[in-house]
Structure formats: structure tokens, C-alpha cells
Amino acid sequence: LKSSGTRIGIVFNGSPLFTGQAGSGESNIRKWIIENDMLEAIIAMPDQLFYNTGIATYVWILNNKKSTERKGKIHGVNFLLKKAKGNIIILQSADSIPGKNAYNYMISCLNNKKIGVVASRIIPLNKGKNQMESMANLVYGLHHEMSKKTPKYGEMILFKNIITPLPSNIICDEEMIATLIYNKGYLGKYCSKAIVYNMAPHNFSDYIKQLRRNECGHLKLKKKFNHK
């Protein structure tokens, strides 16, 4: 990519979205693209697009000189909020995989008219291959128990399409969305049947980075928006 600015499109199958454990080469490539804000879009193409194969294909659009209004993850979420026409929105991290019927389970929670935002249950795909992964699995288990009392939002959430764009300097966008929904007078719901799979931190360094990012994000929400 030229330093003066280049946009490229690459056609992939679904593998680059999720292959490789946290800390592996594939995972680190995705991490570098996201952290350097190179990813502009991932476009899911129709099935049967290529001769004699039914594999799913995706076009990745990379850009190393985005316009101001397209920089950062929050701007992507705000673009979705502006363009979405439906009554509900499901926001899911690109490196996660929904479990069977997860979306339907989340939607069914809205049968209670007081519910405005729904949290999913996160389950790591890497199952304790080393000490760090074992600890991460324990932490996710604790999150599950705590969410039964107070929902923890992340990876995949469903919410009513009733909120304004998010502040651009927010780190924990899912929790910010929940706060805005609460401020509208709605309640949150933890749907343990709605499972979403991701990769837990593979090493201590990644775990600390994730922990620090989440803690800083929650503290900022608490200070600025009275988030609980």
C-alpha cells in the first residue's frame, strides 16, 4: 500500500475471518489490520458465485488513508445506526461465530416489551490448551454467572433501533449502546441460550491488553455517562 493512500479489494473464502488461535500468524494479521484501522469493509457475496463450487466468498476492502468520517470502529457503528431501517439491530464482532439459533433466541427476548437490549453468552473456542487459556475459560465462566444478575455486553448484542450515534472516543461500544438504551427507560436481558464463540487470549500479554482496554473503557463510561 502506498503511503499516499491506496484502496484494494481482495476476494477470500470464509477462512480468514476466523482461522488461527489468538496469537497465531492468522490472528496477528487480523489484529494488525484492525489496530491500524486498515479495514474499510467486508462484503459477503452470494452463494454459487464461482463455477462448480458453493463456498461462501467475501471481499475485503482495505484502505490506508480513510476519510475522516470513516476512521475508527465507532464510525462504522454510527454508519450502521444511521442507515439501519429495521426496528432492531444485531451487532456482532467480525472475529466471532454465532451459535445455532442464537439470533432467534435473542429476538425472542423482545417479547417482553420492557427489554431494549440483549446480551449473548460468550464461549471461547480454545479450550484450555495451556495455563492462560484455562484461566481465560474460567473468567468467561465467571462472566456467565455474573451476567445472570447484571448483563455483560460484548461480541454480540441485540438492541432496539432507537438511539443516536455514539461518541467517537468510546472504547466499549456495546456497553455504551446498553447505557443509551437504559437511558431510554428500557431494561437489559442476558440470553444464555444465545451463544457466540470467539478465541480467548492465548498468552498473558494479550490477556492483560484486553483486560486493560475493557477496564479503561468501563471507567470512562462510568465517569462520563454514569454507566453501571
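All values below were derived from every heavy atom in this structure, side-chain atoms included, with hydrogens, water molecules and symmetry-related copies excluded.
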Novice: Output the distance between atom CG (Asn64) and atom CG (Leu39), rounded to the nearest 0.5 Å.
Specialist: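 If I round to the nearest 0.5 Å, the distance is 13.0 Å.
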Novice: May I ask you to decide if Thr179's main-chain N or O and Glu175's side chain share a donor-acceptor pair within less than 3.5 Å?
Specialist: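 No, Glu175 side chain to Thr179 backbone: no donor-acceptor pair under 3.5 Å.
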Novice: Within the distance-only criterion (no hydrogens, no angle test), does the side chain of Asn161 pair as donor or acceptor with the backbone N or O of Gly86 below 3.5 angstrom?
Specialist: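 Yes, because the side chain of Asn161 sits within donor-acceptor range (under 3.5 Å) of the backbone of Gly86.
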Novice: Please report the interatomic distance NZ(Lys160) to NZ(Lys113), rounded to the nearest 0.5 Å.
Specialist: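 These two atoms lie 7.0 Å from each other.
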Novice: Can a donor-acceptor pair be found, under 3.5 Å and without considering hydrogens, that links the side chain of Asn112 to the backbone of Cys109?
Specialist: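 Checking the backbone N and O of Cys109 against the side chain of Asn112, no donor-acceptor pair under 3.5 Å is found.
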Novice: Spell out, yes or no, whether Tyr186 and Ile157 are grouped together once hydrophobic residues are joined by side-chain heavy atoms under 4.5 Å, including indirect joins.
Specialist: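 Yes; tracing contacts between hydrophobic side chains, which count when under 4.5 Å, links both residues.
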Novice: List the atom of Ser93, the atom of Ser96, and the distance in Å for their closest heavy-atom pair.
Specialist: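 That closest heavy-atom pairing would be O-OG, 2.8 Å.
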Novice: Hey, mind stepping through Leu91 and Ile177 against side chain to side chain contact (heavy atoms under 4.5 Å, CB included) and telling me if it holds?
Specialist: CA-CA 10 Å; Leu91 184 64; Ile177 289 170; 3.8 Å; yes
Novice: Using 0.5 Å steps for rounding, measure from the CG atom of Leu187 to the NZ atom of Lys114.
Specialist: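 Between Leu187 CG and Lys114 NZ, I get 7.0 Å after rounding to 0.5 Å.
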Novice: Which pair of non-hydrogen atoms, one from Lys193 and one from Tyr105, has the smallest distance, and what is that distance?
Specialist: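 Of all heavy-atom pairs spanning Lys193 and Tyr105, the closest is O-CD1, 3.4 Å.
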Novice: So, for Gly99 and Tyr197, which heavy atoms are closest and what is the spacing to 0.1 Å?
Specialist: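 That closest heavy-atom pairing would be CA-CE1, 3.9 Å.
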Novice: I need the minimum non-hydrogen distance between Thr164 and Leu81, along with the two atoms involved.
Specialist: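 Heavy-atom minimum between the residues: O-CD1, 3.8 Å.
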Novice: Measure from the side-chain N and O atoms of Asn13 to the backbone N and O of Thr57, and report whether any donor-acceptor pair falls under 3.5 Å.
Specialist: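 Checking the backbone N and O of Thr57 against the side chain of Asn13, no donor-acceptor pair under 3.5 Å is found.
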Novice: Can Ile162 be reached from Phe159 by stepping across I, L, V, M, F, W or Y side chains whose heavy atoms are under 4.5 Å apart?
Specialist: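 Yes: a chain of side-chain contacts under 4.5 Å links Phe159 to Ile162.
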Novice: Supply the atom-to-atom distance Ile10 CD1 to Ile61 CD1, rounded to the nearest 0.5 angstrom.
Specialist: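 Ile10 atom CD1 to Ile61 atom CD1 measures 8.5 Å (nearest 0.5 Å).
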Novice: What I want to check is whether the side chains of Asp173 and Tyr153 have a donor and an acceptor closer together than 3.5 Å.
Specialist: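 Per modelled atom types, Asp173 and Tyr153 side chains form no pair under 3.5 Å.
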Novice: Roughly how far, to the nearest 0.5 Å, is CE of Met106 from CD of Gln92?
Specialist: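 Spacing of CD (Gln92) from CE (Met106) equals 9.0 Å.
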Novice: Quick one, Leu110 and Leu158 - any side-chain contact, counting heavy atoms below 4.5 Å?
Specialist: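 Touching, per the 4.5 Å side-chain cut-off.
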Novice: Under the criterion side chain to side chain contact (heavy atoms under 4.5 Å, CB included), I'd like the reasoning laid out for His143 against Val139: C-alpha separation, chi angles, the key distance, then a yes or no.
Specialist: CA-CA 6 Å; His143 286 172; Val139 170; 3.6 Å; yes
Novice: For Val118 and Ile107, run side chain to side chain contact (heavy atoms under 4.5 Å, CB included): C-alpha distance rounded to whole Å, both residues' side-chain angles, the deciding distance at 0.1 Å, then the answer.
Specialist: CA-CA 8 Å; Val118 182; Ile107 292 171; over 6 Å; no
Novice: Heavy atoms only: give me the nearest Pro124-Asn137 pair and the separation to one decimal.
Specialist: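 The answer is CG-OD1, 3.2 Å.
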Novice: Using the rule that Ile, Leu, Val, Met, Phe, Trp and Tyr join whenever any side-chain heavy atoms are under 4.5 Å apart, tell me whether Trp60 and Ile8 fall into a single cluster.
Specialist: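 Linked, Trp60 and Ile8 end up in one cluster.
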Novice: Give the minimum heavy-atom separation between Ile122 and Gly154, together with the two atoms involved.
Specialist: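 That would be CD1-O, 3.7 Å.
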Novice: Say whether, by atom type as modelled, one donor and one acceptor occur between the side chain of Ser147 and the main chain of His144 under 3.5 angstrom.
Specialist: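 Absent.
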Novice: How about Asn111: does its CG atom have over 12 heavy atoms from other parts shown lying under 6.0 Å from it?
Specialist: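 Buried by this count: over 12 neighbours within 6.0 Å.
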Novice: Same cluster or not: are Val77 and Met176 linked, directly or through other Ile, Leu, Val, Met, Phe, Trp or Tyr residues, by side-chain heavy atoms under 4.5 angstrom apart?
Specialist: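 Yes; Met176 is reachable from Val77 via cluster members.
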Novice: Quick check on the hydrophobic clustering: are Ile90 and Tyr190 connected, directly or via other members, by side-chain heavy-atom contacts under 4.5 Å?
Specialist: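 As far as the 4.5 Å side-chain criterion goes, Tyr190 and Ile90 are not connected within one cluster.
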Novice: Could you give the distance from CD1 (Ile195) to CE (Met156), rounded to the nearest 0.5 Å?
Specialist: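 Interatomic distance, Ile195 CD1 to Met156 CE, rounded to 0.5 Å: 9.0 Å.
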Novice: Strictly distance-based, threshold 3.5 Å: is any side-chain N or O of Ser120 a donor or acceptor partner for the main-chain N or O of Val196?
Specialist: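 Pair absent, no side-chain N/O of Ser120 close to backbone of Val196.
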